[in-house]
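Working notes, structure below.
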There are 2 protein chains.
Amino acid sequence: MTTKRATTRSTSAKAATKPVVEPATKGERTRAILLDAAKRLFVANGYHGTSMREIADEAGLALGGIYNHFGNKEDIFVGVLMERHPFLVVLPALQAAQGQTVETLLRDAAWRMLAELGQNQEFLNLMFIELVEFEARHVSLMFETLFPPLMQFAQQIEKARGPLRDIPLPIVLRSFLGLFFSYFITDLIMGGQMPAAMKVGAFDHFVDIYLHGILTEG
Amino acid sequence: MTTKRATTRSTSAKAATKPVVEPATKGERTRAILLDAAKRLFVANGYHGTSMREIADEAGLALGGIYNHFGNKEDIFVGVLMERHPFLVVLPALQAAQGQTVETLLRDAAWRMLAELGQNQEFLNLMFIELVEFEARHVSLMFETLFPPLMQFAQQIEKARGPLRDIPLPIVLRSFLGLFFSYFITDLIMGGQMPAAMKVGAFDHFVDIYLHGILTEG
DNA sequence: CCTACCGATCGGTAGG
DNA sequence: CCTACCGATCGGTAGG
């Protein structure tokens, strides 16, 4: 805190995100700081638009120091992805969702997920980078983490009361995930230009349209 | 065609897209070739992941030659965007859509748009690049092109027969666009890993859920 | 974990 | 439209 370098770091350590796991050793703390710095820069400028020197500066250490924690640049990106991919961010919300009927369950899940993603809309950018600059090569690394909770959620839907239309459950799941993309991306894309009439109560309406779309009764 | 350079170019000019407007002068033809080459590389590797030398090679000319047609690298990206942004690609489909009822109109529009985007799923990447690497700075340039046809489509919906639920028309429009993002992005993201049950008849189901969601009668 | 350095490549330009 | 070049910056490493 009182060294020159620590001071230098503090000027650039803006909007630091609370780490997923509180780091125990000093090495782990530096690693966490690096991941957080890299995340901010990747989100803002893309993978190839971010240099190792910028990451070092943002984290408050010298270029060479990075390589004590990561083998190369791509390893850093993978590290960020494994901690901050929107699918992972959203998982706790999905697991916490509750409801006796299909409608209340999905509505609760939707709003919990929005609350989680709404603060961190930026994380969608990580997904886009993964899609464009890595051709989605790393998503498979998360698959075994994501699959079991998703299956559990599917079972929760099946057990819930309420008349579902004749739609295969996998399609219900996929379109439920799609609901968020449809909302966030129309927001991101049209961003500043979007007429207010397309914004007021939009998520409410989106969820409503979706639920009315899969249920037999209003 | 018989010069050495023309031969060199032909080896790299794979999957050339039919130009939007058939170029008249030689300069316009070279410009079109450059845009097409740049589009392929941007889509594959992102903006910062593509170098001017790669674009020159892919187009079959020398690095310096590019600057007869574009002031700098960003100008090329803007050029690509203004010709190939998915919104523009989809516009003719939207304008050609027909139907007496809201349901038949939107169903027709959806399938026409799918046919347009389905061949060029890659174009979504242009949108992602614009979002991440340019913070959507260029979308406003297309706004005046996009807005009038969109408003006309809105009027077409209003005039069509069929009972719409109590949802503001702007929200109907926005969620209709979102429908495509929800479908394409769930496809791209899970890509290879997605269970077959999430794929069979998926777009059909998505459109069905959407229409059932906005209409009062099944 | 830093300093000092490596070869390679970057976007862009001068001059023809 | 090409050749030859510019200074700047890239990812990564050796050595301490």
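Chain letters run A, B, ... following the sequence lines, proteins first and then strands; every chain starts at 1. These numbers come from the heavy atoms of this one structure, side chains and all, not from hydrogens, waters or symmetry mates.
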Validation: residues 169-181 of chain B side-chain donor-acceptor distances under 3.5 Å, sequence neighbours left out:
residue: B/R174; atom: NE; partner: A/T186; partner atom: OG1; Å: 2.9
residue: B/R174; atom: NH1; partner: A/M198; partner atom: O; Å: 2.7
residue: B/R174; atom: NH2; partner: A/Y183; partner atom: O; Å: 3.0
residue: B/R174; atom: NH2; partner: A/T186; partner atom: OG1; Å: 3.4
residue: B/S175; atom: OG; partner: B/I171; partner atom: O; Å: 2.8
residue: B/S175; atom: OG; partner: B/V172; partner atom: O; Å: 3.1

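- Qualifying salt bridge (Lys or Arg N to Asp or Glu O under 4.0 Å) partners for B/D204, counting only residues two or more places apart in sequence or in other chains: none.
- The side chain to side chain donor-acceptor pair (under 3.5 Å) check on B/D187 picks up nothing, with sequence neighbours excluded.
- Using a 4.0 Å cut-off on heavy atoms, none of the residues of residues 126-138 of chain A approach DNA chain C.
- Evaluation of the ring-ring contact (aromatic ring centres under 6.0 Å, His included) rule for B/F128 yields A/F128 as partners, not counting sequence neighbours.
- For A/Q193, there are no side chain to side chain donor-acceptor pair (under 3.5 Å) partners at least two apart in sequence or on another chain.
- Residue pairs meeting the salt bridge (charged side-chain N to carboxylate O under 4.0 Å, His left out) criterion with at least one partner in residues 70-82 of chain B, sequence neighbours excluded, do not occur; the list is empty.
- Residues passing the salt bridge (Lys or Arg N to Asp or Glu O under 4.0 Å) test with B/E158, sequence neighbours excluded: none.
- Under the side chain to side chain donor-acceptor pair (under 3.5 Å) criterion, B/H48 pairs with B/E133, sequence neighbours left out.
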With the criterion being N/O to N/O and under 3.5 Å, what pairs connect the protein with nucleotides 10-16 of chain C, and how long is each?
residue: C/dC10; atom: OP1; partner: B/S51; partner atom: OG; Å: 3.3
residue: C/dG11; atom: OP1; partner: B/T50; partner atom: O; Å: 3.4
residue: C/dG11; atom: OP1; partner: B/K73; partner atom: NZ; Å: 2.8
residue: C/dG11; atom: OP2; partner: B/M52; partner atom: N; Å: 2.8
residue: C/dG11; atom: N7; partner: B/R53; partner atom: NH1; Å: 2.7
residue: C/dG11; atom: O6; partner: B/R53; partner atom: NH2; Å: 2.8
residue: C/dG12; atom: OP2; partner: B/Y67; partner atom: OH; Å: 3.3
residue: C/dG12; atom: OP2; partner: B/K73; partner atom: N; Å: 3.0
residue: C/dG12; atom: O6; partner: B/R53; partner atom: NH2; Å: 3.2

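- When the options B/H138, B/R137, B/H85 are evaluated for a side chain to side chain donor-acceptor pair (under 3.5 Å) with B/E130, the one that passes is B/H138.
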Original post:
Using Watson-Crick and G-U wobble pairs whose two distances are both under 3.5 Å, how do you write the pairing of DNA chain D as dot-bracket, with | for links to another strand?
Top reply: ||||||||||||||||

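- In this structure, B/Y67 has no ring-ring contact (aromatic ring centres under 6.0 Å, His included) partners at least two apart in sequence or on a different chain.
- Taking atom CG on B/D57 and atom P on D/dT3, their separation rounds to 12 Å, with Å as the unit.
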